[in-house]
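Each remark here refers to the structure printed beneath this line.
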Amino acid sequence: MATNSHIEWTDSTWNPVTGCTKISLGCAHCYAERLANRLKAMGQPNYRGGFDLTLHPHMVHLPLKWKKPRRIFVNSMSDLFHKAVPEDFIKTVFDVMSRAHWHQYQVLTKRSDRLLKLSNQLNWRPQIWMGVSVENEKYKCRIDDLRKTGARIKFLSLEPLLGPLRDLDLEGIDWAILGGESGPGARPVDPEWVLEIRDQCIAAGVSFFFKQWGGVQKKKTGRTLEGRTWDEMPTPEAELVVL
């Protein structure tokens with residue numbers, strides 16, 4: 001499944017893999033799991049197995065067919081570095097991202113240990129942005145793993161933010177996305193956590209993107225922080241024009 005996206009920081013999603021398993025606190029109310037089960041009930045072929053991890057070889061070459069440049073969130077419904085995804089499949093996905101060089105790709109993982117293990121075997125083209133999810137202090141180690149990879153653009157997804165992140169080491173990090181949890185059972189975000197992280201990004205020269213306050217009804221809480229929206233994006237060495 002690949003669609004135009006309502007996610008504020010991307011244009012489209014591309015899912016050569018769907019499904020996942022929970023690995024840390026941020027997974028408790030996984031939006032992708034809820035959506036996968038809904039798509040299964042609707043009869044969507046790629047979700048016959050619901051949220052069971054599934055490879056979709058027929059989806060792998062889709063970016064080559066998209067001629068208009070766009071930012072693409074890779075595996076919004078899974079994790080490319082899940083242990084059940086074969087190394088050869090990961091390398092095939094990277095090969096397609098290299099060949100369809102007119103796009104920008106945003107790859108995000110919670111499995112930073114496997115990312116680091118495979119990093120030297122991957123073709124890190126400038127258009128491939130790599131990020132890790134960090135929901136509280138316990139998972140700051142993922143940032144250290146990311147920093148050691150060969151990715152040209154490195155970013156953090158601090159969503160759902162479940163606690164303060166003080167004294168972040170942002171060396172080598174280009175971008176931080178921050179958001180509160182949304183949907184059923186959403187855990188609250190403290191504004192002080194948000195402001196502290198924003199200020200750390202400003203001090204370190206890291207682009208800052210505030211996605212949402214979240215809550216059960218995220219449209220009501222919005223995404224304004226101290227009277228403005230924060231939509232900063234990283235500037236690659238050779239910035240692609242995304243129309």
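The shown structure was predicted, so the numbers you read here are calculated from the model rather than taken from an experiment. Just so you know, these numbers use all the heavy atoms, side chains as well, and skip hydrogens, waters and symmetry mates.
- Residues F208 and L158 fail the side-chain proximity criterion, which asks for heavy atoms closer than 4.5 Å.
- When all heavy atoms of W230 and L225 are compared, the closest pair comes out as NE1-O, 3.5 Å.
- Side-chain contact between F81 and D113 is absent, with no heavy-atom pair separated by less than 4.5 Å.
- By the rule that hydrophobic residues join a cluster once side-chain heavy atoms approach within less than 4.5 Å of another member, V132 and L118 end up as members of one cluster.
- Note: W14 CH2 to H61 NE2 = 8.5 Å, rounded to the nearest 0.5 Å.
- Taking NZ of K110 as the reference point, atom NE2 of H82 lies at 11.5 Å (rounded to 0.5 Å).
- Tracing side-chain contacts under 4.5 Å through hydrophobic residues (I, L, V, M, F, W, Y), one reaches L168 starting from L195; they form part of the same cluster.
- With hydrogens and angles ignored, the 3.5 Å screen pairs a side-chain donor or acceptor of Q212 with a backbone N or O of G180.
- Taking the side chain as every heavy atom from C-beta outward, P164 and E192 never approach each other to under 4.5 Å.
- Counting heavy-atom neighbours within 6.0 Å of K117 NZ, excluding the residue itself, gives a total of 12 or less.
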Verdict with supporting geometry, W193 and N136, side chain to side chain contact (heavy atoms under 4.5 Å, CB included): CA-CA 10 Å; W193 305 342; N136 64 16; over 6 Å; no
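- Between R71 atom CZ and T10 atom OG1 the span is 8.0 Å, to the nearest 0.5 Å.
- When atom types are taken as modelled, the side chain of Q106 and the backbone of W9 share a donor-acceptor pair closer than 3.5 angstrom.
- Nearest heavy atom pair, residue P16 against residue F89, reads O-CZ, 3.6 Å.
- No side-chain heavy atom of L115 sits under 4.5 Å from any side-chain heavy atom of D145.
- Side-chain atoms of R99 and L64, non-hydrogen and from C-beta on, do get closer than 4.5 Å to each other.
- Proximity of I23 to R111: side-chain heavy atoms (C-beta onward) are separated by under 4.5 Å at one or more points.
- Proximity of a side-chain donor or acceptor of D79 to a complementary backbone N or O of C20 within less than 3.5 Å is not detected.
- Within the 3.5 Å criterion, the main-chain N or O of W102 finds no donor-acceptor partner in the side chain of Q127.
- W129 has its ring centre less than 6.0 Å from the ring centre of W175.
- Hydrophobic cluster membership differs between L116 and V107, with clusters built from Ile, Leu, Val, Met, Phe, Trp and Tyr side chains linked at under 4.5 angstrom.
- At a threshold of 4.5 Å between non-hydrogen side-chain atoms, the residues R34 and P184 count as touching.
- Linking Ile, Leu, Val, Met, Phe, Trp and Tyr residues whenever their side-chain heavy atoms come within less than 4.5 Å leaves L35 and V216 in two separate clusters.
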Test log, rule side chain to side chain contact (heavy atoms under 4.5 Å, CB included), inputs I90 and R114: CA-CA 11 Å; I90 296 172; R114 191 172 189 219; 3.6 Å; yes
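- Counting heavy atoms of neighbouring residues, nucleotides and ligands inside a 6.0 Å radius, atom NZ of K91 exceeds 12 of them.
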Intermediate values then yes/no, side chain to side chain contact (heavy atoms under 4.5 Å, CB included), W66 and K68: CA-CA 6 Å; W66 291 342; K68 184 177 179 179; over 6 Å; no
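- Contact check on E171 versus R147 returns no salt bridge, with no Lys/Arg side-chain nitrogen under 4.0 Å from an Asp/Glu carboxylate oxygen.
- Nearest approach of P160 to E135, heavy atoms of both residues: O-CB, 3.2 Å.
- Between the side chain of R223 and the main chain of K211, a donor-acceptor pair closer than 3.5 Å is present.
- Nearest heavy-atom pair across M130 and A151 is CB-CB, 3.5 Å.
- Below 30°, between 30° and 60°, or above 60°: for W124 and F94 the angle between ring planes is above 60°, a perpendicular geometry.
- We find the CD1-CD1 distance between I128 and I153 to be 12.0 Å, quoted to the nearest 0.5 Å.
- L53 and G19 get closest at one heavy-atom pair: CD1-O, 3.6 Å.
- Remark: F73 CZ to T13 OG1 distance equals 8.5 Å, nearest 0.5 Å.
- In this structure, the side chain of T221 engages the main chain of G214 through a donor-acceptor pair within 3.5 Å.
- Closest approach of S98 to H101, counting heavy atoms only: O-CB, 3.5 Å.
- Without hydrogens or angle criteria, D174 side chain to K154 main chain gives a donor-acceptor distance under 3.5 Å.
- Y47 and F51 are not part of a single hydrophobic cluster, where members link through side-chain heavy atoms under 4.5 Å apart.
- Between the CD1 atom of I143 and the CG atom of L146 there is a distance of 8.0 Å, given to the nearest 0.5 Å.
- Contact check for N15 versus N46: no side-chain heavy atoms found under the 4.5 Å cut-off.
- When atom types are taken as modelled, the side chain of E181 and the backbone of R187 share a donor-acceptor pair closer than 3.5 angstrom.
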Check against side chain to side chain contact (heavy atoms under 4.5 Å, CB included), H103 and M97: CA-CA 8 Å; H103 303 304; M97 293 191 288; over 6 Å; no
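- No side-chain donor-acceptor contact under 3.5 Å links Q200 to the backbone of L170.
- Between D167 and K140, none of the side-chain N atoms (NZ, or NE/NH1/NH2) sits under 4.0 Å from a carboxylate O, so this pair counts as no salt bridge.
- Under the 3.5 Å distance criterion, the side-chain polar atoms of N75 are matched with a main-chain donor or acceptor of V17.
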